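All figures in this text were calculated on a predicted structure; none of them were measured in a lab.
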Amino acid sequence: MKKILLFAGTTEGRVIAEKLSRYGVSMDVCVATLYGKDLIKSSKYINILEGRLDLSDMKELMKKNDYQIIIDATHPYATDVSKNIKEANEDNIPYLRIKRDSINSDYGTYFDSYDEMIAELKNTTGNILLTTGSKELNRFASEETLRNRLYVRIIPGEESIRLCKEAGIEREKIIAMQGPFSIGMNRALIDQYDIKVLVTKESGTAGGFLEKVVAAKQSDAECYVLRRPKEDTEEAVSIYEAVDKVLLLNGINKKSIISLVGIGMDGLKTLTLEAKRVIEDADIIYGASRMVNSVAHLNHLAVYKKMYLSHEIVSDIECELNNTPLSGQNVTEKNIVILYSGDTGFYSGASGIREEFLRHKELCKKYKIKTLPGISSLSMMAAKCNISYENIEVISSHGVREEIWKKKLNAGIIEDRDIFLLTSGKEDVRKIIDIISGEEKAYLIYIGKNLSYEDEELKVINVKDLKENDIDELFSSDEGLYSMILKRIPEAESDKSDEENIDGDCTYKDKADDLNILGIRDEEFLRDEKTPMTKEEVREIIVSKLRLRDGDIFFDIGSGTGSIAIQASLLKDIEVFAVEEKTNACLLIKKNIEKFGCRNISVFNDRASNVIDSFPMPDTVFIGGSGGEIDEIIAKLRLKKKDNKAIRVVISTVTLETEMEIYNIIKKYEVLDLDIVEVNISKARKMGRYNLMKAENPIKIISFKL
């Protein structure tokens, strides 16, 4: 693979170097200054050549090396450099000029030359903020009437500072800072130095042009703009087109990366280093307005799209990634980031978009999807309260039916658990405190509002000390993001004895199980016409035959709608592996998991024989559908056994063929505790004025130990 020659010194040059080096493309990168060198990290593939090159230097460099292509990513205003690069290219090596996106603004006064601008500046009064760099500084500083009014913002490089001193700029008027700068930062400088005129170039997105113009307008300062040279727009290509061209020349066809990024609580203070790097390297960034705005300062070259609905984002990505402007061949390399608040694995929309991607199989084949976790509201809240959360009960009332989360809350209270609650707002906080206030048990209630934001508030109250109007007076306003931790106070427990906690033969622990397992009606599960579901009466029998215990590992094979997996996961503190071959059924399982708030179920879209080798040894297995692989599944389960520990297996069947297959397995293997039950259920159906009993299909439930 031949080297390429890249003339850099701009943000675009740095991005191109980083992108191509990831694909193993070797290059010589020319930068004029030590500061430009510092912006690009030298590596195995990046050889940095520092120093200003004249025409003869460029000719010598191109003659000495057999370059595949020349990429000119110099500044749009560096027209002399671009002219020299073209003239030095005597062997007609393919040449690409990188264009910088332009931004139009209706605010400001535009000039075609520095001479015109300087002449007009003489007619103004007040301080001037010069943001055009140090190369042309002498033009302004040579005019004494202007020099005393100049505040100069430059990059913090030795050469730039030297040029300022040579131009006679006073030290206190030199602002050496690395951009890009936000609107707020520009406004702060304008206000700090009482700037009346801001001078800039029409430098586009990467140069922070819009942020400067908007800041000037908001501060009532004039804005003088040097127009971009016309030559810059001729035969220029974008960063993406340049990268595509090099990849195509070298026969490299890589997947684009779609990163699902958890940005933590506020996307500024809680962003992980990996998430920051991915955002800085992104070409397209999706997210809700608040999230996009919180990271915009990290990447001025990305296209920002304020979308948060999964189907809209996926549809837009398909349009973006199928856009191949160069050769028509699909080698487009684009890094896409989709932002989510908090952590991608904690009640996040990331699960929804993964489901949406599953519906677009071609998209999944062509593009790699990567998930980056963030700091969740749970970990942030626990840290703020100095509480460990490894044994905490986690409940969400946000987007969850009230009867579901209340049922889980009551169960957690009965079990004396510490409880974390993710809420929809202050009204949920009120309902939760009302429930806790009615309990005999003592709790500390931690309530966090807008954690890690500027207006963060954290309150700690003892439920016993809570007065009637305290809830309304807790926070400065009703609006905000609320999280809660209910911390049990053991030393303040009720005086009741253990015997008083028993109601007949049923303990409070049993009641907690009843709240979860009994009475989940068929209509409470999300269904579709194609996916079968075990009926509720049969489901109750199957779950009882599983004989689950806390800490068990449970396989639900042929999970269907996930009804058995969900009911089992609500019964005990277990780890559930739900295996389902049909993609549509897997999507349905995940929706039901979200609806019932189950966090201990992992879903696998595959045949059981393909995946159970990678699973840990189970304690209990239910086979509701095997795809004709019961014998193979049982054989694989036997291989997973260790320490002579038995695996309990429960199988249901409605067909004679499957029944015979199970009987053959029972004969083939030495099974223990064989139990066979045939269930015949009839349910009343309304027929006019009468209720008639209608029989369901008889079902056999076969249980044994391997």
Side-chain angles (χ1 to χ4, degrees), residues 9-15 39 73-78 98-112 114 117 120-121 127-133 136 151-155 175 177-193 195-230 232-233 236 238-240 267-268 279-307 320 337 339:
T10 60
T11 304
E12 290 88 346
R14 174 183 61 79
V15 171
L39 291 179
T74 57
H75 199 280
Y77 290 83
I98 302 301
K99 66 183 176 184
R100 177 174 283 189
D101 293 337
S102 60
I103 301 174
N104 296 319
S105 173
D106 57 1
Y107 186 76
T109 305
Y110 286 74
F111 300 89
D112 291 318
Y114 280 119
M117 181 186 287
E120 188 62 33
L121 278 171
N127 293 335
I128 301 167
L129 178 60
L130 195 66
T131 67
T132 53
E136 306 295 336
Y151 284 82
V152 183
R153 189 168 76 190
I154 56 170
I155 58 177
I175 307 167
M177 300 176 69
Q178 170 62 40
F181 301 97
S182 65
I183 294 171
M185 176 60 80
N186 285 315
R187 285 195 63 181
L189 292 175
I190 292 170
D191 294 341
Q192 172 74 23
Y193 299 109
I195 301 299
K196 300 303 180 186
V197 184
L198 184 147
V199 177
T200 183
K201 297 174 182 176
E202 192 182 7
S203 53
T205 304
F209 172 67
L210 188 61
E211 286 82 358
K212 288 187 267 190
V213 174
V214 171
K217 184 176 182 180
Q218 291 179 355
S219 301
D220 293 325
E222 292 187 72
C223 188
Y224 281 17
V225 184
L226 182 68
R227 283 195 181 92
R228 184 178 296 189
K230 292 180 181 178
D232 179 57
T233 59
S238 71
I239 290 173
Y240 316 117
L268 186 61
I279 291 168
E280 288 173 338
D281 198 37
D283 303 314
I284 306 170
I285 298 176
Y286 294 89
S289 180
R290 174 179 62 85
M291 287 179 267
V292 164
N293 292 340
S294 72
V295 303
H297 65 288
L298 295 174
N299 187 336
H300 276 61
L301 289 177
V303 175
Y304 288 89
K305 301 201 174 190
K306 295 181 179 180
M307 299 180 185
E320 286 284 351
V337 165
L339 303 175

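- Residue N299 holds its CG atom at 8.0 Å from CG of D283, rounded to the nearest 0.5 Å.
- Annotation: cation-pi geometry satisfied between R153 and F181 (NZ/CZ under 6.0 angstrom from ring centroid, within 45° of ring axis).
- Side-chain contact between V337 and V295 is absent, with no heavy atoms from C-beta onward closer than 4.5 Å.
- In this structure, T131 contributes its side chain and V199 its backbone to a donor-acceptor pair below 3.5 Å.
- Here K305 pairs with D316, E320 under the salt bridge (charged side-chain N to carboxylate O under 4.0 Å, His left out) rule; sequence neighbours left out.
- Note that NZ of K212 is 13.0 Å distant from CD1 of I183, once rounded to the nearest 0.5 Å.
- From K196, atom NZ reaches atom CG of D220 across 9.0 Å, with rounding to the nearest 0.5 Å.
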Quick one: do I195 and L189 satisfy side-chain contact (heavy atoms from CB on, under 4.5 Å)? Show the steps, please. CA-CA 8 Å; I195 301 299; L189 292 175; over 6 Å; no
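- Closest non-hydrogen pair, K201 versus H75, comes out as CD-CE1, 4.2 Å.
- To the nearest 0.5 Å, atoms CD (E136) and OH (Y114) are separated by 5.0 Å.
- When every heavy atom of H297 is checked against every heavy atom of S294, the shortest pair comes out as CE1-O, 3.1 Å.
- Annotation for Y193 and N127: closest pair O-ND2, 2.8 Å, computed over non-hydrogen atoms.
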Please determine whether side-chain contact (heavy atoms from CB on, under 4.5 Å) holds for the pair I128 and L121, giving the CA-CA distance in whole Å, both sets of side-chain angles, and the decisive distance to 0.1 Å. CA-CA 9 Å; I128 301 167; L121 278 171; 4.1 Å; yes
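- A heavy-atom distance below 4.5 Å is found between the side chains of I279 and L339.
- Within the 4.5 Å cutoff, the side chain of K306 has heavy atoms near those of the N293 side chain.
- The two atoms that bring E222 and A216 nearest to each other are O-CB, 4.3 Å, heavy atoms only.
- Minimum heavy-atom separation, A73 to E12: CB-C, 4.5 Å.
- The CG atom of L129 sits 12.0 Å away from atom CD of Q192, with the distance rounded to the nearest 0.5 Å.
- Taken to the nearest 0.5 Å, the CG atom of L130 stands 10.5 Å off from the CD1 atom of I154.
- R187 and Q218 get closest at one heavy-atom pair: CD-OE1, 3.1 Å.
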